[in-house]
Structure formats: C-alpha cells, structure tokens
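Take a look at the structure set out below.
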Amino acid sequence: MSMRAGRLTRRAFLVTGAAVTGGLVVGAGYLSSIDMTGLDGFANADGTVGLNAWIRIAEDGTITFAVPHIEMGQGIFTALPMLIAEELEIRLDGGNIRVEHPVDELPVYANYTLALDMRPEEATGPLYWAAKKVFGIFPLIVTGGSTSVVGSWWPLRVAGASARLMLAEAAADVWQVPAGECFGEDGHIVHRPTGRRLAYGELARAASAKAPTPNPPLKPASAFRLIGKPTPRLDVPAKVTGEAIFGIDVALPDMVHAAIRQSPVFGGTVRSMDAGAVRSMPGVIEVVDLGDAVGVVADSYWQASRAVAALPVEFDDNGNAGGDSARFLADMHRALDATEAHAFRDDGDVDEILAASDRVVEATYETPLLAHACMEPMNCTALFRDGEAELWMGSQSPLIARWGAQSGAKLAGTEAESVTTHVPLTGGGFGRRADGDLARQAAALAASVPGRPVKLIWSREEDIRHDTYRPHAVSRFRAALGLDGLPLAWDNRVVSQSLDRSYGDRNLPVGGGNPAKDHFSVEGAVDPAYAIPRARVELVDHATPVPIGFWRSVGHSNSAFFVESFVDECAHAAGIDPLLYRRGLLAGRPRHRKVLDMLAERSQWGRPLAPGRGRGVALHTAFRTIVGEVAEVTVGVDGALSVDRVVCVVDCGTVINPDTVEAQMEGAILFGLTAALHGEITIEEGRVAQSNFYDYRMLGLADAPAIETHIVPSGEPPGGIGEPGLPPALPALANAIFAATGQRLRALPISKSALRVA
Amino acid sequence: MITLTVNGDDRRIDADPDMPLLWALRENLGLPGTKFSCGVGMCGACMVLVDGIAMPSCVVQLGSVDGAVVTTIEGVAADGVLSPVQQAWIDEQVPQCGYCQSGMIVAATALLAENPRPSDRDIDAAITNICRCGTYPRVRRAIHRAAEAATGSGGDGR
Ligand code: FES
Ligand code: FES
C-alpha cells in the first residue's frame, strides 16, 4: 500500500503510542520568545484547538500536552504535565490526558537552559538574544543535562496560566460577565458569583481567538495542588500491559528491517564485501556499504541479522589497530607530568604552600571507559522519499537526528532536504541517544529502498562495541593540610579524553571544541562546595580513537569519585571523622550542611558497626542539585563484598513529583554502583573486548542494596534529578570499603581488586 | 507452518523454524510487548510463559515450541482486568523507562504461580532480569504486594 509522507508527518505518538492523533501541536506559528510573548491560540483542521505550543484541547475535553523532551524513564511525561496542570486547573487522573513528543520543531521548544546554562526566567542579555536568533533557525530541542524541569519550571506554568485566562475570557463572553469573576476549576471555568460552569472542551475554540496575557500571575507555592504531591506517572499503565510503544516497536505499512555490522576497529572502513554471497538468502532485499559498516535490509529482522552475519566483508583498520587500554592508561599516567596543562582554576601560591608543608596528602585515581547499555538496543526507523526523510527514533535531540539523517542521505549519494522526526518512548537513554549515528545509518539504508520504511536495530554486541563511551580518566591530587587538618592548598591534575571534541566531531556541523579546555573533563572537580583556600585544577587532554559520549552525569561521574575519595583520604590523614571533616569545609554553605546533617541522622552515622562492615559518605553537587549518600557494606572473610544499604539525602530545590525524585535517586544510585562494582570497557587491538551482559556486567536484583531517599524541603527553584544521584554513589561505596577493610580503592571497577578484611 | 496458542488464540506462523520465538511474536504476530535486548538469554527482557514456564524467547527456536501454549505480556491481564502483579506494579510505580518491565512482570507472574508467598531470598533467586534503570527495590516491593493481594494476608517472608 502506498503512504503519503504528508499524512505520516501528521502523526505523533501518544503515551501508549498505539494510537495516533489526527492533529499535532502544530501551526502555532513562530512563538517568538521564551519570555512567552506571542502564546497565540490556533485551531486545527481536526477540530482540536491549541491554546499555545504545549496545550491542545478537543471538544470532548481531551487535553493533549506537547512535551518536547523524550520520556526515557525519568518521568518527564508526568512532571511537565504537572506544571501545566497546576496552573491550568485540571486534574491528571481523569483519563482525559494525552502526552506526546511534538513533531514540529518550534523555536520555543529549544532548550535554553542547557545551551546557556541559565534558567529561562533568568535568561536576559546579549547571550540570550543571540541564542534566540540561532534557535529561530535551529531549534535545539534536546533532553539532557538534567534540564527538563529546570527549563520548564517557569515557562510551562506560564503556559498553563495563560491558557486558563484565555478560557476564562471566552466563558465571560458567553455569560456576559467580567472575566475577573471567572475562575478555572477542575477542567471548567466557573462563574463564582452564580456558580455557572462551562467545560474547557466547550470553550476552547472561542478561547483560541483570545490574546494571551503576557506574564500572567502564577500561584504561590502555598497554593499548589499538584506540585510537590506524589503523583502516579501517566506512562506507567501502558508500561505494565505491554501497550507502550518504544522506538523499536514502531510498525509502519510496508516496513522492512535492517541489521548492521560495523568495523570492529574504531576508525576502520569497509575495504570490500561480497554482497552476492548473501543476496539469495531468504528475505534479503538490499546489501549496503555504509563506509564504516555494512548493512542488510530484509523482510524480517531475523533474516537481516543472519545475512549480515554471513556477509563476507573485509575492514581496513586505518592504522588504529594498535589501540590498547593498558597503553592508554600508561600514557595517561605519564601525562600527569606533562609540562603543558590548562588551568581551569588557579588561586595562586599552591606550589609554595605544598613545598612548605610537612603534611602533604597525595593520591592518584583512575577510572575506565564505560558503556551505556540501554536496555532498548539502539534503533531507528527511517523512510526516505523524494528528498524527504522521516525518522522514528528515541532521540534525545531531533536536531542532531536531522543532521545525522542528512549526512546519511549524502552517504547514499542523495540529499534529505527535509527531515521529520517522531520521538516515541525509549528504553533508557542516559546520553547515548544524543548521538546522530543511528539516524545517519538508518537514513542511508532507507535511501536504498526509497518509499519503504526501514527499521534498523543494532544487536547488543554492536551496542557494547560501538557505544559513545564515558571517558577514562586519571586524576592526581596533592593537598597540604593545616594544623586543623583541613586543606590549605590543593593541587589537582586530571588527564582525560575530551567529550566535547569527540561528540562535536561526530555530530555538529561546526565540529568539536578545543579538547585542551574541555570543561566536561573537569566539571565537578573545579568548583567543589568545599572551602579550599588555594586550589589549582588542571587538565591534560589524552586523545584516542575511542568515541566519547555523554554518559549519565557526564564529567561528574569521574570527578565525584576523584574528589570525594580524596577528601576522604584527607579526613583520615587528619584523623577526623570523614563526615565531620566535610562539614568543616562547608562553612557558608547552609544547603550542603543541611544535606550532610540530615544524612548523618538518617544513616545513623555514628552508630558502631560489626567488624567487616563499613560506612562511607560522599557529597556532590551537580545539575543544580545537592546529593549526599552513605553506603553501608559488608566484606566477608573470603573477601566477598555486599552493599547492604544506601541512604540518600537530596536537595533539589522545589520538588515536582516526590515519587519520581525517589525513583531517580534509586535508579541513579544503582547505575553508579553498577559502574563502581563492574563497569569497564577495555580496548584491545583497537576494538572493544566486551560484547554483551556476560562480560559487561550489570548489577542484578539480588545484589541491589536497600535504598532510602530523604528529600530536603525547599522553596528554591527546582534542580535536576535524573543524574545528580549517580556521582556520589561511587565514592560512597569506595569510602565504605575503606572503612570496612582499610583498603583504599583508587582504581575502578572494584571487581578488579581483591578485598580482604584487615 | 508452526502452530501456537498465544494469549488464548490459535496462531499459525509461516517462518523459519530456527527463528527465535521472540521475533515471531514481535514481527509475525504483531505482539511487540515482548522485548529484545541481549539476544543471548541473559537479561529477561524477552520473557514469556511457554506452557506456564518463564523462558527467554530470544533463545527459544520457533520450531521447538510447535503446539505450545504461550503467554506474553499482552496476555497477562485477563479480559482487560489487570493481574495482581500488574496492579502491584502500578501501586508501587515500578517502571521507569519500562523496557524491561514486560519481562519482569512475566517472571514475577511465573514466580508467584509456583510460590505464592516468596521470601526475599526466593525473589533474589527467581528474578534475574536486568533493569538498567534500577527499579529492583520497587520490583521486590511489588512482588510482595502482589503476593499479599493474591493470598489475602500480610506477607511475612521478608
Ligand atoms: S533478549 Fe532474551 S534474555 Fe535478553
Ligand atoms: S525500567 Fe528501564 S530497564 Fe527497567
């Protein structure tokens, strides 16, 4: 059957994904500013009405929210609707709510928070003006950096309030009363003096013609009905019935399937392949040379994966077969003494103080490459026809996907003038889905069978071997302790591979940034909350052919392990309890101190433990959120390690959905513990040695500790929540092992070290 | 031609008997609730019940289950009524990304069918599914809750 691209572009996925809506949140026109001027309403051909870029109302009262962030488990398809619903005065449990990722890439959906490192309500000045211009052309829609709630906190409440006022004005017209007497209440506008009511569905059309009120007043926190209350997630029911549609589940008429085999050596390319050898295999439709990979398109995925496995192909390693983890590590250690380093911070006198001190603590730490291993393997479905590409993929950035698809079309010798991206639910992202590689490959494969959608799925082996890895790093510290045991000076040099360079070179038209000054390599190390009078923090870049990517909490996953392990070492060197030691470094940081104090209390920090058991603490600030964690471990006489309990205290400012905050802390802690205990990708002969869960191990249910999360009540604006729980988990565990055994683990993963109880 | 009873319906599948059951369910029968993740029988994302026994469908050849009765996540609810396991999953708000949850729910369903009041140790031994999002603490709670709901009294197995 034939399908018109025009119809397909009108499709969007609901939370269940099973149904598609006729109209989209489209046609809003250019919403010219993130300060919300021009939130105009509009009517759709299907009878639904948009009151602004986020809210569409049907006559039957169904309300659809456009959430320009991918739901990858972090609960954003519930948290952002809560923000709108709070001001719109509707309930979320009435069965009439739909949530979809919009297909139209409107400038107003751009992630200013990530791009400018500012809250939208603070975004003013020339940088903001320039960003507005750029995003007018390239709306940078992206989910990452734990920014979705931070960046939506203000605009989405404004969107809800503005829509409510438009509905109130429409009702006032009907009743011929002053709009000021009309209020929103549970999906209706109510005329307070007479008690008359009209449902939003009945008012929406007239409301869409009203001019939005700029800067509508917002509720004070004391009036919140939804914000701060544990709210059942809107996506959960479909996820327990199997109805939730993920990218890999997309089914389109006439669709075919593809599997791929990439050059095992990074930077390798296809020298030759014998397509004829597999063309006659059952179901095979096309065999495609993708430059650095080969792909087979077939009637079914099983047929495609069999054929691509059987395809005779030779790869050129282009001189990269010498890459080896042991050598990288040795080189990184050598680079600690490089004469050239970029100083991100230098308070001065550091060398002098260190030279004069007789109480110097010194330690060097190392961390390995890590893979994301999202449970949903990488996949992308692409349709290519007449210079237009259409994608269905769990992408953390439709803009990056578009550029990827355009480069895929070029690879296939054609052009993709327009790219439309549908973003279904996804089975974990953690930063992996911010890359354009899948869009590039799928678009190139789709160009080989124009008019037919091609669903490309990577095997788990391709996923582990062709990830965009968390960088390996080495970090050396020297600190001079004063008479009180606290650091007088602190020298920290980090050697790591640049994410900015690697990611940018793969994905951005402008290429990557200067690797020598890559802030990602030192974020969380430059500006710890602790008062360190004189600090110097430097970076030496270490380039390898290994592709580096965003991995949940990014640089913080390394920095927190380094800094919080070293602070612990300083505390022990000074003979001071590690929690009190940290407290002593936090004068003038009331929020941090409060987290620590609550942590001490909830973890029963001072309570003695049996021999072989230990407690470790760590505190880290990332993505505008402060998290403290205490891990409790038992090390058996045989050296067997068990992580018994993790107590977590989080200050993330105003909480939207407390149950989601807890879930994200649990998930991030287990993600961090998995990395600390087992996580290691090694390179041998230029290729990744691991390939699946048997050699890239995941923590299982039986080994997962009990986790308690406590939230510090706060009226501050919200911080991020998807990532900040991860970084402290690694040092808290290592510090607990030290407490239990006296062994200081300076190299991850812990499974590399034999533990013994002293 | 392979014949299966899937979620109560008789289905005939014309496909390579070497093909894993997983792909027959997903592509031939249009039941995408069963997920692919590792493909080697290690993660449990693809768990289904074959004649009542939980199996990773990615390593079950279609030809080996001719005539079998298969239940997938789509068949866990009876006549649109959620099973106690599914209801407990909602009550405990277990899923994050949700991708592993079909397999988790199938594994938990099989566990409770065999052992209506599992202890924490029983759960540790039975639930080997991988969840990258870290829903394990909630999975444990939800299994206890489902057990309590089904057996109608407070659990004691912790
Ligand atoms: S996909 Fe079958 S066990 Fe992992
Ligand atoms: S909920 Fe995401 S993998 Fe389990």
Side-chain angles (χ1 to χ4, degrees), chain A residues 71-75 230 232-233 235-246 248-249 251 257 282 300-303 372-377 425-430 457 459-461 659-660 663-664 666-671 673-674 692-694 698-707, chain B residues 15-16 18-20 22-24 26-28 30-40 42-43 45 72-77 82-83 85-87 89-91 93-102 104-105 121 123-140:
Chain A
E71 176 57 81
M72 49 189 174
Q74 80 281 41
R233 286 175 56 151
D235 56 343
V236 155
K239 287 176 176 177
V240 306
T241 58
E243 289 169 289
I245 295 295
F246 295 84
I248 202 169
D249 303 326
H257 302 263
S300 76
Y301 178 69
W302 173 243
Q303 292 166 330
H372 298 79
C374 304
M375 286 306 282
E376 179 187 358
L425 297 173
T426 201
F430 315 119
I457 303 175
S459 65
R460 178 59 59 192
E461 288 75 14
D659 191 52
T660 294
Q664 286 305 295
E666 292 161 11
I669 287 166
L670 294 174
F671 209 97
L673 294 180
T674 297
N692 206 317
F693 294 131
Y694 42 78
M698 296 291 129
L699 195 73
L701 180 144
D703 298 321
I707 298 174
Chain B
D16 182 349
D18 287 348
M19 180 166 81
L22 168 67
W23 297 106
R26 290 181 53 82
E27 290 180 4
N28 298 62
L31 294 170
T34 304
K35 303 302 190 208
F36 165 62
S37 186
C38 70
V40 295
M42 279 204 68
C43 75
T72 71
I73 185 67
E74 289 94 342
V76 168
L82 296 180
S83 75
V85 174
Q86 288 171 313
Q87 188 58 50
W89 244 247
I90 291 180
D91 295 340
Q93 291 283 295
V94 176
Q96 290 189 24
C97 84
Y99 196 77
C100 72
Q101 299 295 335
S102 299
M104 284 280 187
I105 288 170
R121 278 176 169 232
I123 294 172
D124 286 351
I127 307 297
T128 56
N129 305 51
I130 294 173
C131 173
R132 187 59 163 145
C133 296
T135 62
Y136 302 131
R138 288 170 187 241
V139 167
R140 187 187 297 285

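All values below come from the heavy atoms of this structure, side chains included, with hydrogens, waters and symmetry mates left out. Since this is a predicted model, take the numbers as computed values, not measurements. Numbers restart at 1 for each chain; the letters A, B, ... are given by sequence-line order, proteins then strands.
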Working to the nearest 0.5 Å, report the span between CZ of B:R26 and CH2 of A:W302.
15.0 Å
Considering only heavy atoms from C-beta outward, does the side chain of A:D235 approach that of B:P95 to under 4.5 Å?
no
Grab the two heavy atoms, one from B:P137 and one from A:L670, that are nearest each other, plus how far apart they are.
CD-CD1, 3.8 Å
Which answer fits A:T426, side chain, backbone, both or neither, if we ask what part of it has an atom under 4.5 Å from a heavy atom of chain B?
backbone
With rounding to the nearest 0.5 angstrom, report the CG to CZ distance, A:L701 to B:R140.
4.5 Å
Measuring from A:F671:CZ to B:C131:SG, what's the distance to the nearest 0.5 Å?
10.5 Å
Check whether B:I130 gets within reach of chain A through its side chain, its backbone, both or neither, counting any heavy atom under 4.5 Å.
both
Would you mind telling me which of A:P232, A:G429, A:P282 has the largest number of heavy-atom pairs within less than 4.5 Å of chain B?
A:P232
Of all of B:A24, B:C97, B:S83, which one pairs up most often with chain A through heavy atoms under 4.5 Å apart?
B:C97
Pair count under 4.5 Å, heavy atoms only, with chain B: among A:G428, A:P377, A:A704, highest is A:P377
Please state whether the side chain, the backbone, both or neither of A:L673 comes within less than 4.5 Å of a heavy atom of chain B.
neither
Considering only heavy atoms and a distance below 4.5 Å, find which of A:A663, A:P705, A:S459, A:A706 pairs most often with chain B.
A:A663
Part of B:M19 lying under 4.5 Å from any heavy atom of chain A
both
Checking side chain to side chain contact (heavy atoms under 4.5 Å, CB included) against A:V236, which of B:Q96, B:Q93, B:Q101 comes through?
B:Q93
Side chain to side chain, A:R460 and B:M42, heavy atoms closer than 4.5 Å:
no
Who passes side-chain contact (heavy atoms from CB on, under 4.5 Å) against A:T241, sequence neighbours left out?
A:E243, B:L82, B:Q86
Interchain contact, A:T674 with chain B, by part (heavy-atom threshold 4.5 Å)
side chain
Looking at B:V76, B:T135, B:D16, which makes the most heavy-atom pairs under 4.5 Å with chain A?
B:D16
Between B:S102 and A:G242 the two heavy atoms that sit nearest each other are OG-CA, 4.3 Å
For A:H372, does its backbone N or O pair with a side-chain atom of B:R132 as donor and acceptor, under 3.5 Å?
yes
Which portion of B:D91 sits near chain A, non-hydrogen atoms under 4.5 angstrom:
neither
Just so I know, are the side chains of A:K239 and B:V94 near enough to count as touching, which here means a heavy-atom distance under 4.5 Å?
no
Given heavy-atom pairs under 4.5 angstrom as the criterion, report whether the side chain, backbone, both or neither of A:H257 touches chain B.
side chain
If you tally heavy-atom pairs under 4.5 Å against chain B, which of A:R233, A:E461, A:Q74, A:E71 wins?
A:R233
Measure the spacing between CE of A:M375 and OG of B:S37 and express it to the nearest 0.5 Å.
3.5 Å
Can you list the residues that meet the ring pair (Phe, Tyr, Trp, His ring centres under 6.0 Å) rule with A:F246, with sequence neighbours excluded?
B:Y99
Part of A:D249 lying under 4.5 Å from any heavy atom of chain B
both
